[in-house]
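Computed from heavy atoms alone, side chains included, the values below leave out hydrogens, waters and symmetry copies.
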Amino acid sequence: MPYAKTLYQSIQRFNNNARLQVLVVDAVEGMLDESEYLSYYSLDQLIDTQFFSEIKQKYFRKHRIDRFRWSIKPVFVNYLFQLDFDKVIIVDSDVHFFNDFEFLFDDLNEYNIILSPHWRTLDPSFDEGDFSRNYTNGLYNGGFVGFNKKSQNAVLWWAKVCSYKCEINPKKGFYDDQGYLTLLPLIEEKVKIIHHRGCNVASWNNIENKRNEIDDEVFINGKYPIIFIHFSNKIFERAAKGIDTTLKKYIIDYSKSLASNGAMLNKYQKQLIKDYDKDN
């Protein structure tokens with residue numbers, strides 16, 4: 001819940017009309033502070049939505065709960081379409097916005113789906129292992145995918161294949177829910193691949209998307225302002241160990257927001273905040 005609240009605050013900073021819809025997989029009581037623009041949903045509300053029963057029966061158990069959360073995403077999108085939402089962007093809870101993102105919703109006026117590439121290295125001489133993940137982990141990131149209502153058939157297809165199999169099996173080409181996104185441009189004609197490199201800045205794309213500090217602001221490849229960062233644990237570790245330090249101030253901002261909302265920070269976040277406070 002602290003992650004959901006922190007994400008909501010970053011969205012409201014740039015568009016106080018954007019609505020965050022949160023699907024709660026666990027039974028949580030006494031923490032759901034709803035507002036006009038922040039709503040929570042339980043699994044019971046999705047019972048009659050297509051492919052919900054199949055996915056829940058297959059993955060809703062303790063040792064598979066992550067796979068349930070991932071595979072239920074297209075079901076939740078379809079449910080929101082039934083509630084008359086016209087545009088839905090899936091956002092992982094560890095995403096944080098640092099600039100205006102309205103152009104991404106504008107893209108969904110012209111395109112039915114928007115996809116965010118991982119931007120793993122395109123040159124195997126830099127990092128052969130990372131290059132190979134273009135083929136094994138999926139070209140597009142499952143933590144940020146946008147749909148409009150015209151894409152409903154593609155959303156249902158994604159739910160169907162997730163109900164068929166949600167597992168990591170590189171030899172067979174499976175990578176949980178995420179690997180299927182590579183096929184979406186074949187399912188739906190009007191798909192846009194987001195080429196704004198300030199979107200989905202992450203630990204896995206520092207080779208292709210170089211961070212340059214210009215006038216106390218970080219730009220990607222010297223051109224793109226940071227729109228949102230995907231804060232996997234690796235990004236904190238790399239910054240704390242001095243491997244990728246250009247994002248430090250963004251990490252500090254995000255980590256302090258998380259802490260203020262009751263999140264437990266990891267050791268790397270604590271170290272970065274301690275070092276920052278000491279220097280400032």
Side-chain angles (χ1 to χ4, degrees), residues 1-24 31-41 73 76-77 80 85-109 114 116 141-148 194-203 205 209 211-220 223-233 235-236 239 244-266 269-270 272-273 276-277 280:
M1 302 315 298
Y3 285 82
K5 291 178 182 178
T6 302
L7 169 60
Y8 173 67
Q9 289 164 358
S10 76
I11 289 171
Q12 286 284 297
R13 189 186 307 175
F14 300 103
N15 184 343
N16 55 19
N17 290 315
R19 300 169 65 181
L20 181 63
Q21 318 298 304
V22 181
L23 178 61
V24 181
M31 297 181 66
L32 307 183
D33 301 323
E34 291 193 327
S35 71
E36 182 181 357
Y37 299 105
L38 174 63
S39 301
Y40 297 95
Y41 301 82
K73 288 188 292 188
F76 187 43
V77 171
L80 293 175
F85 283 86
D86 293 320
K87 304 174 186 177
V88 176
I89 296 178
I90 295 170
V91 186
D92 271 3
S93 60
D94 56 355
V95 161
H96 199 75
F97 291 90
F98 292 94
N99 269 302
D100 186 13
F101 52 83
E102 190 64 26
F103 68 95
L104 296 166
F105 277 104
D106 291 341
D107 284 341
L108 288 171
N109 293 327
I114 56 174
S116 176
N141 183 248
F144 190 93
V145 192
F147 302 93
N148 70 22
I194 302 170
H195 280 266
H196 191 301
R197 302 295 184 98
C199 295
N200 232 341
V201 176
S203 60
N205 52 35
N209 295 347
R211 299 82 152 96
N212 312 108
E213 191 163 350
I214 303 172
D215 296 331
D216 202 35
E217 185 176 356
V218 174
F219 288 81
I220 305 302
K223 177 181 178 181
Y224 300 97
I226 291 177
I227 304 300
F228 64 93
I229 297 176
H230 201 146
F231 284 105
S232 64
N233 285 333
I235 209 166
F236 307 124
D244 186 5
T245 59
T246 52
L247 298 178
K248 268 189 177 180
K249 71 175 185 178
Y250 298 90
I251 294 172
I252 299 297
D253 180 30
Y254 174 64
S255 298
K256 287 189 172 184
S257 294
L258 275 179
S260 70
N261 285 316
M264 296 290 292
L265 304 183
N266 63 41
Q269 290 172 288
K270 291 176 181 177
L272 288 164
I273 290 175
Y276 176 84
D277 290 343
N280 293 275

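- Closest non-hydrogen pair, L20 versus A4, comes out as CD2-O, 3.7 Å.
- Although no hydrogens or angles enter the test, the distance criterion places a donor-acceptor pair under 3.5 Å between the side chain of N261 and the main chain of S257.
- For the ring pair (Phe, Tyr, Trp, His ring centres under 6.0 Å) test, residues two or more places apart in sequence or in another chain that qualify with Y254 are H96, F231.
- Side chain of K249 to main chain of D216: a donor-acceptor pair is present (N/O by atom type, distance under 3.5 Å, no hydrogens or angles).
- For F101 and F228, the gap between ring centers reaches or exceeds 6.0 Å.
- Residues passing the salt bridge (charged side-chain N to carboxylate O under 4.0 Å, His left out) test with D92, sequence neighbours excluded: none.
- In this structure, the separation between CZ on F97 and CD1 on I229 is 11.5 Å, given to the nearest 0.5 Å.
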request  = Start with the C-alpha distance between S255 and L272, add both sets of side-chain angles, then the distance that settles side-chain contact (heavy atoms from CB on, under 4.5 Å), and finish with yes or no.
outcome  = CA-CA 9 Å; S255 298; L272 288 164; over 6 Å; no

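- Looking at K87 and N109, their side chains do bring a donor and an acceptor atom within 3.5 Å of each other.
- R211 contributes a side-chain N or O that, together with a main-chain N or O of N209, makes up a donor-acceptor pair within less than 3.5 Å.
- Counting heavy atoms of neighbouring residues, nucleotides and ligands inside a 6.0 Å radius, atom OH of Y276 does not exceed 12 of them.
- With rounding to the nearest 0.5 angstrom, the CG atom of L258 is 9.0 Å from the OG atom of S93.
- Looking at Y250, its side chain never comes within 3.5 Å of a backbone N or O of F98 through a donor-acceptor pair.
- Atoms CD1 and CD, from I89 and Q21 in turn, are 12.5 Å apart once rounded to the nearest 0.5 Å.
- Put simply, the side chain of E217 reaches to within 4.5 Å of the side chain of N99, judged on heavy atoms.
- Rounded to the nearest 0.5 Å, atoms CG (L80) and CG (D86) are 11.5 Å apart.
- Panel note: side chain N16, backbone Y37; no donor-acceptor pair is recorded below 3.5 Å.
- S232 and S203 form a side-chain donor-acceptor contact under 3.5 Å, judged by distance and modelled atom types alone.
- From K5, atom NZ reaches atom OG of S260 across 10.0 Å, with rounding to the nearest 0.5 Å.
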inquiry  = Using the rule given for side-chain hydrogen bond (donor to acceptor under 3.5 Å, both in side chains), can you reason through S116 versus N141, listing the C-alpha separation, both sets of side-chain angles and the distance that settles it, and then say yes or no?
reply    = CA-CA 6 Å; S116 176; N141 183 248; 5.7 Å; no

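- Legend: residues meeting salt bridge (charged side-chain N to carboxylate O under 4.0 Å, His left out) with K73, ordered by chain and number and at least two apart, are D177.
- Judged purely by atom type and a 3.5 angstrom limit, N148 uses its side chain to pair as donor or acceptor with the backbone of L108.
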